[in-house]
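Quick notes on the structure that follows.
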Amino acid sequence: MNKNSKPYKWQAREQSLGYMINWAARLFAREMDEALRPFGLMSGQLPVIFALADGKPQPQRELVRLAAVEQSTMAKTLARMERDGLIQRTPDPNDRRSAFISLSSVAVDRLPDISAAVAAINAKSHMHLTVENSELLLNLLHGVIKGLANNE
């Protein structure tokens, strides 16, 4: 093989949907982590906050489903959040092995500030998009997720 030839011609990364989505996700996570740090949160904990913000306690298996993460990932996330006083566990009266998870009063008190921080980062991400393009991008991403989520 000629030393100047490549065995495979790669698509330019800026033309790769996967690369660009991943890049955007990393930037989002970095911005969210910075904005949420004052509230004792990290971006990876937001799915739990979103799932519990309505005040309805959830079993861990439901949080796993809602966050679309592995059981072990959720267990570690919840352990960290419990350690930091952000969630509380209440035993399930019908199943001794299970518990319901809810936000602690500390986390509930922080919800308005957390919501404002999330909204600010989302607004920043749309800064260079029209309203129509923002809506289109969101709809397109729903389609991408549906296509990759194995018909979940």
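The basis for the numbers below is simple: all heavy atoms, side chains too, and nothing from hydrogens, waters or symmetry mates.
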### Query
Mind checking what makes salt bridge (charged side-chain N to carboxylate O under 4.0 Å, His left out) contact with Asp95, not counting sequence neighbours?
Arg97
### Counterpart residues, salt bridge (charged side-chain N to carboxylate O under 4.0 Å, His left out), relative to Glu135 (two or more places apart)
none
### Query
Taking side chain as C-beta onward, heavy atoms only, is Leu103 less than 4.5 Å from Leu111?
yes
[X]: side chain to side chain contact (heavy atoms under 4.5 Å, CB included) partners, not counting sequence neighbours:
{"X": "Glu132", "value": "Thr130"}
{"X": "Leu141", "value": "Ile21, Leu137"}
{"X": "Gln88", "value": "Ser102, Ser104"}
{"X": "Asp84", "value": "Arg80, Leu86"}

### Message
Leu63 vs Val69, test: side-chain contact (heavy atoms from CB on, under 4.5 Å). Steps then yes/no.
### Response
CA-CA 9 Å; Leu63 295 175; Val69 298; over 6 Å; no
same_hphob_cluster([X], [Y]) at 4.5 Å side-chain heavy-atom cutoff:
{"X": "Met32", "Y": "Leu27", "answer": "no"}
{"X": "Val106", "Y": "Leu52", "answer": "no"}
{"X": "Val118", "Y": "Val108", "answer": "yes"}
{"X": "Leu78", "Y": "Met42", "answer": "no"}
{"X": "Leu66", "Y": "Leu41", "answer": "no"}

Would you name the heavy atoms of [X] and [Y] that are closest together and state the gap between them?
{"X": "Lys56", "Y": "Asp54", "answer": "N-OD1, 2.9 Å"}
{"X": "Gln60", "Y": "Ile101", "answer": "N-CG1, 4.3 Å"}
{"X": "Ala99", "Y": "Arg89", "answer": "CB-CB, 4.2 Å"}
{"X": "Pro47", "Y": "Gly44", "answer": "CD-O, 3.5 Å"}
{"X": "His126", "Y": "Ser134", "answer": "ND1-OG, 2.7 Å"}
{"X": "Pro93", "Y": "Phe100", "answer": "CD-CE1, 4.3 Å"}

#### Entry: CA sep, side-chain torsions, deciding dist, call: Val48, Met74, side-chain contact (heavy atoms from CB on, under 4.5 Å)
CA-CA 9 Å; Val48 174; Met74 182 57 68; 3.7 Å; yes
### Message
Show, in sequence, the C-alpha distance, side-chain angles and deciding distance for Leu36 and Leu46, and conclude whether the side-chain contact (heavy atoms from CB on, under 4.5 Å) test is met.
### Response
CA-CA 9 Å; Leu36 295 172; Leu46 281 177; 3.7 Å; yes
### Message
Test question: given the 4.5 Å side-chain rule for I, L, V, M, F, W and Y, name all other residues clustered with Leu136, or answer none.
### Response
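Its cluster partners, ordered by chain and number, are Leu140.
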Going by side-chain hydrogen bond (donor to acceptor under 3.5 Å, both in side chains), name the pairs with one or both residues in [range], residues two or more places apart or in two chains.
{"range": "residues 27-40", "result": "Glu31-Lys124, Asp33-Ser43"}
{"range": "residues 17-28", "result": "Arg13-Tyr19, Asn22-Arg26"}
{"range": "residues 106-121", "result": "none"}

#### Entry: Pairs touching residues 59-69 that satisfy salt bridge (charged side-chain N to carboxylate O under 4.0 Å, His left out), sequence neighbours left out
Glu62-Arg65
### Partners passing side chain to side chain donor-acceptor pair (under 3.5 Å) against Gln71 (at least two apart in sequence or in another chain)
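Partners of Gln71 under the side chain to side chain donor-acceptor pair (under 3.5 Å) test: none.
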